[in-house]
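Structure first, then comments.
Worth knowing before you read on, the calculation uses all heavy atoms, side chains too, and leaves out hydrogens, waters and symmetry mates.
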Amino acid sequence: MSDSVSLLEITDFAENLAREAGELIRRERDGKTLRTDYKHQTELVTHADVMADEFITGAIRKRFPGHRILSEETMPDLSQAEELDTPLWIVDPIDGTVNYAYGHPQVAVSIAYAEKGRVQAGVVHAPFPGETFRATRSEGATLNGRLSATAAPRFPETPCLPPDSPTPKTALSRWSNAWMP
């Protein structure tokens, strides 16, 4: 475990970050201040993506300065996934940026925590419908604090972020798919 912090405490921390980031992106969209740009000339990014990303990664760095972060917007360096000796946080501040930009509610803040290449905890918070999914290794999964009807999540036995992963979104989908029955 990281710095004597339990996995449940890490999951709680990730959930709090996801909820706060969700409120940030909700306020930004409700405030009608949406500004957009393109990264790599093709992929839409909003100022809310960057703001939420900076908020989440800043909070992680402050609480866990020795941890690595792989973040879609501000730290998309996949080489972070190669070093398995220190914990890794995987962040997508707005999963569903195009939906977000067009005013659709199907967006989420996704945060995962991995040790030695294996996801140990994850949170997906959908701020517009008010749904928060979370799972912790050996503790099961919940939706809005209620146990999921499925069995405990299945975590992959192999590292979830191989060095050849083409994008952080692919890595995030791999860890989220590991929880599916």
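Rounded to the nearest 0.5 Å, atoms CG (Asp85) and NZ (Lys116) are 6.5 Å apart. Interatomic distance, Arg26 CZ to Tyr100 OH, rounded to the nearest 0.5 Å: 10.5 Å. Atom NE2 of His125 sits about 11.0 Å away from atom CG of Asn16, to the nearest 0.5 Å. Note that CD1 of Ile94 is 9.5 Å distant from CE of Met51, once rounded to the nearest 0.5 Å. One distance of note links CG of Asp49 with CG of Asp95; it measures 10.0 Å at 0.5 Å rounding. The distance from atom CD1 of Ile90 to atom CD1 of Ile69, rounded to the nearest 0.5 Å, is 11.5 Å.
In terms of heavy-atom proximity, Ala112 sits nearest to Val119 at CB-CG1, 4.4 Å. In this structure, Ile111 and Ala18 approach most closely via the heavy-atom pair CD1-N, 3.8 Å. The shortest heavy-atom contact between Ala48 and Ile25 is O-CG2, 4.0 Å. Scanning both residues, His67 and Tyr113, for their nearest heavy atoms gives CE1-CE1, 3.8 Å. Of all the heavy atoms in Pro105 and Pro129, the pair that sits closest is O-CD, 3.9 Å.
Every side-chain hydrogen bond (donor to acceptor under 3.5 Å, both in side chains) that Thr11 has, sequence neighbours left out, goes to Thr136. With sequence neighbours excluded, the residues satisfying side chain to side chain contact (heavy atoms under 4.5 Å, CB included) with Ala21 are Ala52, Phe55, Ile56, Val109.
At least one side-chain heavy atom of Ile60 sits under 4.5 Å from a side-chain heavy atom of Val91. Looking at Asp12 and Arg134, their side chains come closer than 4.5 Å, going by heavy atoms from C-beta outward. Under the 4.5 Å side-chain criterion, counting only non-hydrogen atoms from C-beta, Phe64 is in contact with Ile10. A 4.5 Å side-chain heavy-atom check between Leu7 and Arg137 finds at least one atom pair inside the cut-off.
By the 30° and 60° cut-offs, the orientation of the rings of Trp89 relative to Phe13 is perpendicular.
Although no hydrogens or angles enter the test, the distance criterion places no donor-acceptor pair under 3.5 Å between the side chain of Asn99 and the main chain of Val107.
A salt bridge is absent between Arg19 and Glu23: the closest approach of a Lys/Arg side-chain nitrogen to an acidic carboxylate oxygen does not fall below 4.0 angstrom.
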